[in-house]
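Along the sequence shown, residues carry numbers from 1.
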Amino acid sequence: QVQLVESGGGLVQAGGSLRLSCAASGRIISDYGVGWFRQDPGKGREFVATLNWSGGRTDYADAVKGRFTISRDNTKNTVYLQMNNLKPEDTAVYYCAVRYAFVGSRRENDYKYWGQGTQVTVSS
């Protein structure tokens, strides 16, 4: 079992930055692909970014490419999402997820474990 706890969300003005953290416990996740997803009320959960086990391969949704950076610190069993130049349309609950595979994935169903989410609100 893996427990994931996200933190770092909050209210920020457009153009600002936030860094989300996802701390894992219960199992070392250094061999697993990880991802960030987000969900706006009334919409389905959408892919944001993913990272392979070593941190050497990333993939981003077009909407966040060039503004967001996913990373991991395997010594801390933690995954991060650095979000810069935030826009009001980035407002959502952000979730981290872990899958039992070396590589990451854009597909929600590929992930085994999910955090509870952290709210990000960007004001215009």
Side-chain angles (χ1 to χ4, degrees):
Q1 278 289 73
V2 176
Q3 293 79 42
L4 302 172
V5 177
E6 300 97 335
S7 61
L11 174 64
V12 64
Q13 287 189 328
S17 297
L18 284 173
R19 188 175 84 151
L20 305 184
S21 298
C22 173
S25 62
R27 190 170 186 144
I28 302 297
I29 63 168
S30 57
D31 288 342
Y32 302 138
V34 296
W36 286 95
F37 292 77
R38 66 187 182 186
Q39 186 168 20
D40 206 11
K43 298 181 182 179
R45 194 145 49 181
E46 66 173 359
F47 165 75
V48 174
T50 188
L51 184 64
N52 72 334
W53 69 279
S54 68
R57 181 171 294 180
T58 58
D59 187 23
Y60 297 92
D62 288 344
V64 307
K65 200 172 292 184
R67 299 188 297 122
F68 290 13
T69 302
I70 186 172
S71 63
R72 66 194 302 163
D73 185 340
N74 285 337
T75 65
K76 296 181 179 179
N77 221 31
T78 299
V79 182
Y80 303 98
L81 185 68
Q82 177 67 44
M83 305 186 296
N84 297 329
N85 190 22
L86 282 159
K87 304 176 181 180
E89 51 265 41
D90 294 320
T91 295
V93 177
Y94 283 71
Y95 299 89
C96 68
V98 172
R99 66 184 300 236
Y100 279 146
F102 289 127
V103 297
S105 172
R106 287 178 167 238
R107 297 186 299 184
E108 183 179 346
N109 288 343
D110 283 347
Y111 290 85
K112 174 74 172 178
Y113 299 105
W114 292 84
Q116 84 291 346
T118 185
Q119 176 70 47
V120 171
T121 303
V122 185
S123 63
S124 57

Whether the [X] and [Y] side chains hold a donor-acceptor pair (N or O, under 3.5 Å, no angle test) is what I'd like checked.
{"X": "R99", "Y": "Y111", "answer": "no"}
{"X": "N109", "Y": "R107", "answer": "no"}
{"X": "Y113", "Y": "R27", "answer": "no"}

Quick check: closest heavy atoms across [X] and [Y], and the distance to 0.1 Å?
{"X": "F47", "Y": "F37", "value": "CA-CD2, 3.4 Å"}
{"X": "S25", "Y": "N77", "value": "N-ND2, 4.3 Å"}
{"X": "L81", "Y": "V48", "value": "CD2-CG1, 4.1 Å"}
{"X": "D110", "Y": "S105", "value": "OD2-OG, 2.6 Å"}
{"X": "S124", "Y": "A14", "value": "CA-CB, 4.3 Å"}

Given side chains that start at C-beta, do those of [X] and [Y] come closer than 4.5 Å, heavy atoms only?
{"X": "Q116", "Y": "V5", "answer": "yes"}
{"X": "Q39", "Y": "Y95", "answer": "yes"}
{"X": "Y60", "Y": "R67", "answer": "no"}
{"X": "M83", "Y": "W36", "answer": "no"}
{"X": "R106", "Y": "D59", "answer": "yes"}
{"X": "Y80", "Y": "L20", "answer": "no"}
{"X": "R57", "Y": "F102", "answer": "no"}
{"X": "Q13", "Y": "L86", "answer": "no"}

In terms of hydrophobic clusters joined by side-chain contacts under 4.5 Å, are V2 and V34 together?
->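 As far as the 4.5 Å side-chain criterion goes, V34 and V2 are connected within one cluster.
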Group every Ile, Leu, Val, Met, Phe, Trp and Tyr by side-chain heavy-atom contacts under 4.5 Å, then state whether L11 and V120 land in the same group.
->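 Looking at the clustering, V120 is in a separate group from L11.
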First locate atom [atom1] of [X], then atom [atom2] of [Y], and finally report the distance between them rounded to the nearest 0.5 Å.
{"X": "T78", "Y": "I29", "atom1": "OG1", "atom2": "CD1", "result": "7.0 Å"}
{"X": "K43", "Y": "R38", "atom1": "NZ", "atom2": "CZ", "result": "8.5 Å"}
{"X": "I28", "Y": "T75", "atom1": "CD1", "atom2": "OG1", "result": "10.0 Å"}

Assess whether atom NZ of K65 is packed by more than 12 heavy atoms of other residues, nucleotides or ligands within 6.0 Å.
->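 Enclosed.
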For W53, does the CH2 atom have more than 12 heavy-atom neighbours from other residues, nucleotides or ligands under 6.0 Å away?
->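 Atom CH2 in W53 is not crowded, with 12 or fewer foreign heavy atoms closer than 6.0 Å.
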Which residue, T69, L51, T50, N52, forms the side-chain contact (heavy atoms from CB on, under 4.5 Å) with T58?
->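 Only one of T69, L51, T50, N52 forms a side-chain contact (heavy atoms from CB on, under 4.5 Å) with T58, namely L51.
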Do the rings of Y94 and F68 sit parallel, tilted or perpendicular, given the 30° and 60° boundaries?
->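 Answer is tilted, since the angle falls between 30° and 60°.
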Could you list all the disulfide bond (SG atoms under 2.5 Å apart) pairs where at least one residue sits in residues 63-124, not counting sequence neighbours?
->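 Sorted pair list: C22-C96.
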Okay, side chain of R72, backbone of G55: is any donor-acceptor separation there less than 3.5 Å?
->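 No: the side chain of R72 does not pair with the backbone of G55.
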